[in-house]
2 protein chains.
Amino acid sequence: MPGVEVKEIFSGHIKEKGLRNTRQREIILEAFLSANKHITVEDLFNIVKKKHPEIGYATVHRNLKLMCESGLAEEIKIGTSKAKFELKYGHEHHDHLICLNCGKFIEVNDEKIEKLQVKLAEENDFQPVRHKLEIYGFCKKCR
Amino acid sequence: MPGVEVKEIFSGHIKEKGLRNTRQREIILEAFLSANKHITVEDLFNIVKKKHPEIGYATVHRNLKLMCESGLAEEIKIGTSKAKFELKYGHEHHDHLICLNCGKFIEVNDEKIEKLQVKLAEENDFQPVRHKLEIYGFCKKCR
DNA sequence: GGGTTTATTGATAATGAATATCATTATTGT
DNA sequence: ACAATAATGATATTCATTATCAATAAACCC
Ligand SMILES: [Mn+2]
Ligand SMILES: [Mn+2]
Ligand SMILES: [Zn+2]
Ligand SMILES: [Zn+2]
């Protein structure tokens, strides 16, 4: 039963906020959990549409946003292209290596860098909350 | 004579590419050099407009882009807000601390982080070209 | 200088992603 | 079942960015 816990968390968040559980939310969340990470609204909409052509783009968009609010998902914006969403729950924080040729995303994490970032912020009287590190270049296949 | 060298570089780039030097380019470049860093197209357009109301928004936009192509300027995109442009020439590479409250940009650089990024990329068979590190949080005044 | 070529300009339109609107539908608590 | 109201889905709007195009003006040649 993959994703059961995630579904409960989402459902819980919805109740807490006085929102309502709907058939569409369930369908969209399940599709999101089954799909690739780094999916756009449009991608997810197209997947959902296959089995549920009655569900609209706006609903997919709204629910992805809601998943972000609930902490389940995270929105990633790269340049001017469409925002991508990835499942956050159950995944450690990570940054991305992004191939300039094929668009591949490689997830990485480096504790030393993370710690140095905090130190760097503090040295500048700055209280860090979150950060974004993206390294652009060429992946193994494309170099 | 601040900016003389920059102007020559821009002018040189224009000739190399078979483009043309214009009155507007000169005015826009000078305004950019005199203005704050981290300026938007609209900001620069409004500055230029004061003395030169005949110069259009599109021309300011195109020339900021051209400055980027020539390596003089750099475009910074934060979230979905308007792109900002900063003078690159004569400034070392740096990253930004960005205040979530007042929007302040603090320029920082950390050699250790820079080196670890290269190492991290290489460990993933990835050839790094450029990167973007943004730390969001609260500045001294806003924390 | 005069003439020719064509890059540039400026006003405006087009684009595209994200979000807002709103009448209708569906969920929740009673 | 009922009332209240959140959610939906189709569509419109927003907003930054980029494209279009007729008019203008650099740059080069003579
Ligand atoms: Mn990180
Ligand atoms: Mn850096
Ligand atoms: Zn690649
Ligand atoms: Zn601040």
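When reading the values below, keep in mind they use all heavy atoms of this one structure, side chains included, and skip hydrogens, waters and symmetry mates. For clarity, every value in this text was computed on a predicted model and none was experimentally measured. Letters go in sequence order (proteins before strands), and every chain restarts at 1.
Contacts of residues 44-57 of chain B with DNA chain D (heavy atom under 4.0 Å): none. Within residues 66-79 of chain B, no residue approaches DNA chain D, by heavy-atom distance under 4.0 Å.
Pairs passing the salt bridge (Lys or Arg N to Asp or Glu O under 4.0 Å) check and including a residue from residues 103-117 of chain B, sequence neighbours excluded, read B:Lys37-B:Glu107. Contacts classified as salt bridge (Lys or Arg N to Asp or Glu O under 4.0 Å) and involving residues 78-94 of chain A (residues at least two apart or in different chains) are given here: A:Glu42-A:Lys82.
When hydrophobic clusters are built by joining Ile, Leu, Val, Met, Phe, Trp and Tyr residues whose side-chain heavy atoms come closer than 4.5 Å, directly or via intermediates, A:Ile76 is not grouped with A:Leu133.
Every residue was checked against the salt bridge (charged side-chain N to carboxylate O under 4.0 Å, His left out) condition with A:Glu26, not counting sequence neighbours, and none meets it. Under the side-chain hydrogen bond (donor to acceptor under 3.5 Å, both in side chains) criterion, A:His13 pairs with no residue, sequence neighbours left out. Residues meeting the salt bridge (charged side-chain N to carboxylate O under 4.0 Å, His left out) test with B:Lys119, sequence neighbours left out: B:Glu123. Every salt bridge (charged side-chain N to carboxylate O under 4.0 Å, His left out) that A:Lys140 has, sequence neighbours left out, goes to B:Asp125. Applying the side-chain hydrogen bond (donor to acceptor under 3.5 Å, both in side chains) test to A:Lys49 and every residue at least two apart in sequence or in another chain returns A:Asn46. Listed by chain and number, the residues in a salt bridge (charged side-chain N to carboxylate O under 4.0 Å, His left out) with A:Glu54 are A:Arg23 (sequence neighbours excluded).
As a whole-Å value, the separation of A:Arg62 CZ from D:dA6 C1' is 11 Å. B:Lys82 places its NZ atom 8 Å from the C1' atom of D:dC15, with the value rounded to the nearest Å. Atoms NZ (B:Lys65) and C1' (D:dA16) sit 11 Å apart, rounded to a whole Å.
Of the two residues near DNA chain C, A:Lys84 and B:Ile28, the one whose nearest nucleotide lies more 5' is B:Ile28.
Aromatic ring centres of A:His93 and A:His131 lie closer together than 6.0 Å.
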Sequence-aligned protein contact record of nucleotides 24-30 of chain D, with B where the base is within under 4.0 Å of a protein heavy atom and S where only the sugar-phosphate is
-BBS---
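Running 5' to 3' along DNA chain C, contacts with non-hydrogen atoms of chain A at under 4.0 Å begin and end at C:dA17 to C:dT28.
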